[in-house]
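Reckoned from all heavy atoms, side chains included, excluding hydrogens, waters and symmetry mates.
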Amino acid sequence: MVVFDIPFHPPQDTWTIALPSGAQHAFSARHEAVRFAAREASRLTTSKGRQVFLSIEGEDGKWRLFGPDLKSPDV
């Protein structure tokens, strides 16, 4: 299972997405990081058959889990 963590307020105002390959991608806007993580999650799910989720911190400080389609998974 792969989980991409996307905080509400990241360190140094840069959202970093670390891929399972070890590559890292940095974004200056949160929505860009979410969009990239969702695309990568979909790609990894489709091409590699992996279970991939996005863990996104809300403005309220709570972390919520989403699938590649950005919907809450049935877990």
Find out whether Trp63 and Ile56 are in side-chain contact, i.e. whether some heavy atom of one side chain is under 4.5 Å from a heavy atom of the other.
-> no
Can you check whether Pro7 reaches Arg30 side chain to side chain, under 4.5 Å on heavy atoms?
-> no
About how many Å separate [atom2] of [Y] and [atom1] of [X], when rounded to the nearest 0.5 Å?
X	Y	atom1	atom2	value
Ile17	Glu40	CD1	CD	9.5 Å
Leu70	Leu54	CG	CG	6.0 Å
Ser72	Leu65	OG	CG	8.0 Å
Trp15	Phe8	CH2	CZ	8.0 Å
Leu44	Gln51	CG	CD	12.5 Å
His9	Glu57	NE2	CD	7.5 Å

Do you know the tightest heavy-atom contact between [X] and [Y]?
X	Y	answer
Lys62	Asp60	N-OD1, 3.0 Å
Ile6	Ala33	CD1-O, 4.1 Å
Pro68	Ala38	O-CB, 3.7 Å

Inspect the contact between Glu32 and Arg35 and indicate whether a charged nitrogen and a carboxylate oxygen are less than 4.0 angstrom apart.
-> no
Shared hydrophobic cluster, Phe53 / Leu19 (ILVMFWY, side-chain heavy atoms < 4.5 Å) = no
So, does Gln24 use its side chain to make a donor-acceptor pair with the main chain of Ala18 at under 3.5 Å?
-> no
N/O donor-acceptor pair under 3.5 Å between Ser47 side chain and Arg43 backbone | yes
Among pairs that include at least one residue of residues 25-47, which meet ring pair (Phe, Tyr, Trp, His ring centres under 6.0 Å), considering only residues two or more places apart or in two chains?
-> His25-Phe36, Phe27-Phe36
